[in-house]
Amino acid sequence: MSGLISRSAIPAILLASLISYGCSSDDDSGGAAPGASVPANAVVITEANAYETVVSAIGIGSSLVDAVPVVVEITPSPTYREIIEFVTDKAKNAGGTSGISVSIPTGIEETIPCSGGGEITINSTDTETSSSGTAVINNCIEGGITLNGSLTFNFTWNLETYAYSDSIQGNLSGNLGEQTFSLNGLNLQETGNELSGDYSINTYTYSVDSSVGGGFLVELLAAIVGNDFDGQCPVSGSILVTGANNTQAKATINSDGTVTVEYNDGSGTFTEVTIPAPGSPYPCENFFLSI
């Protein structure tokens, strides 16, 4: 899928072709969005769970964003990123708000049914070059997940150059079987070009609190840069995941198509993980490409 906020599933997919940022100083810190903070029920990040925590935070694989219009349980369970992608794509695509189409220059309300029940209501003010408004998610069931929440969005595009800018903020909650979770302080911002496929995810922040496995805070340390059309992973970017007791996991996308995963045991020093074998760095397909 191209960028975090834009489309869904890019050829060799992943959210936005990420990868090659390089950020690995031991004193990395981020500026979380309002409402996004380390939850009380945060997981303690260790070498043993750093990899799976990063995948849960930013990975793609179950294709929830491409869920067919029937009641279907997605396996494996969607990651938090896929849940965010699904909802933001609905908002992005409502009313034809694409960088290559002309929207109705008036306020519109659109109700989008979800495949398993519930709906997403979009209230937007559209012009030929912009769409802004709110998306209210009401018991929306997709892939076995029930979602609720609200988002505000602002999308702009240039009809001549095909450049676009996307921004979305809000909060979500949901449940998958016996697991309940909340995604708070979402703040996603992206710029790019629909014609060239180039994109840059400049902000990607949220916190998750889950009844299963605990929660964490996700922050972008360096913009995720890539191209939607090249079928490759991003070429740069860096994400920091913070858990309890100042423990952290960091994923750095490298230009050679790998992702370096490090963990901080709370001491402030980052060390590359060796679990799962053979250890970091890992192929970027493990995180960003559709399986």
Side-chain angles (χ1 to χ4, degrees), residues 1-31 45 47 50-61 65 79-82 84-85 162-166 188-205 218-242 248-264 269-291:
M1 76 197 115
S2 65
L4 279 177
I5 311 174
S6 311
R7 305 128 262 348
S8 60
I10 113 183
I13 190 164
L14 157 37
L15 104 0
S17 289
L18 286 203
I19 317 236
S20 188
Y21 24 174
C23 185
S24 79
S25 64
D26 290 343
D27 59 352
D28 287 326
S29 61
I45 297 174
E47 181 176 18
Y51 173 90
E52 63 184 40
T53 299
V54 169
V55 170
S56 179
I58 64 175
I60 286 290
V65 292
T79 64
Y80 294 119
R81 173 174 170 181
E82 289 176 302
I84 295 171
E85 290 274 3
Y162 295 93
Y164 66 84
S165 176
D166 297 342
L188 311 177
Q189 299 179 39
E190 175 189 11
T191 56
N193 188 285
E194 293 279 4
L195 190 61
S196 69
D198 293 331
Y199 67 84
S200 176
I201 299 167
N202 305 309
T203 302
Y204 178 57
T205 300
V218 179
E219 302 169 82
L220 192 65
L221 294 176
I224 295 173
V225 177
N227 185 284
D228 282 340
F229 304 151
D230 63 9
Q232 303 297 317
C233 289
V235 296
S236 66
S238 183
I239 298 233
L240 181 70
V241 181
T242 302
Q248 297 175 316
K250 182 165 59 177
T252 301
I253 302 166
N254 306 306
S255 58
D256 63 358
T258 64
V259 176
T260 297
V261 177
E262 302 167 274
Y263 79 102
N264 163 24
T269 298
F270 283 87
T271 303
E272 284 193 63
V273 303
T274 59
I275 303 171
S280 175
Y282 298 97
C284 76
E285 292 87 348
N286 291 14
F287 301 86
F288 309 115
L289 301 191
S290 181
I291 298 174

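Along the sequence shown, the residues carry numbers beginning at 1. Quick caveat, the model's predicted, so the values are computed rather than measured. All heavy atoms count here, side chains included; hydrogens, waters and symmetry mates do not.
- Residues T53 and Y263 are not in side-chain contact: their nearest non-hydrogen atoms beyond the backbone lie 4.5 Å or more apart.
- With hydrogens and angles left out, the side-chain atoms of T242 and Q248 include a donor and acceptor closer than 3.5 Å.
- Considering only heavy atoms from C-beta on, N202 comes within 4.5 Å of T191 through its side chain.
- Note that CG of L188 is 8.5 Å distant from CD1 of I201, once rounded to the nearest 0.5 Å.
- For the residue pair Q189 / Y204, no side-chain donor-acceptor distance below 3.5 Å is found, with atom types taken as modelled.
- With 3.5 Å as the limit, one finds no donor-acceptor pair spanning the side chains of T271 and E262.
- For the pair A163 and N193, the tightest heavy-atom approach, listed with the atom from each and the gap, is N-ND2, 3.6 Å.
- Rounded to the nearest 0.5 Å, atoms CD (E47) and OG (S280) are 10.0 Å apart.
- A side chain to side chain contact (heavy atoms under 4.5 Å, CB included) with Y282 holds for exactly one of V273, V55, T258, V54; it is V273.
- Listed here is the closest heavy atom pair of E194 and F229: O-CZ, 3.2 Å.
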Run V241 and I45 through side-chain contact (heavy atoms from CB on, under 4.5 Å) and show every step you take.
CA-CA 9 Å; V241 181; I45 297 174; 4.1 Å; yes

Check against side-chain hydrogen bond (donor to acceptor under 3.5 Å, both in side chains), N254 and T260
CA-CA 7 Å; N254 306 306; T260 297; 2.9 Å; yes

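- Separation of atoms CD (E190) and OG (S165) is listed at 9.0 Å; rounding is to 0.5 Å.
- For the atom pair CG of L220 and CD1 of I239, the computed distance is 5.0 Å after rounding to the nearest 0.5 Å.
- At least one donor-acceptor pair closer than 3.5 Å links the side chain of N227 to the backbone N or O of S196.
- Atom CD1 of I224 is separated from atom OG of S200 by 9.0 Å, given to the nearest 0.5 angstrom.
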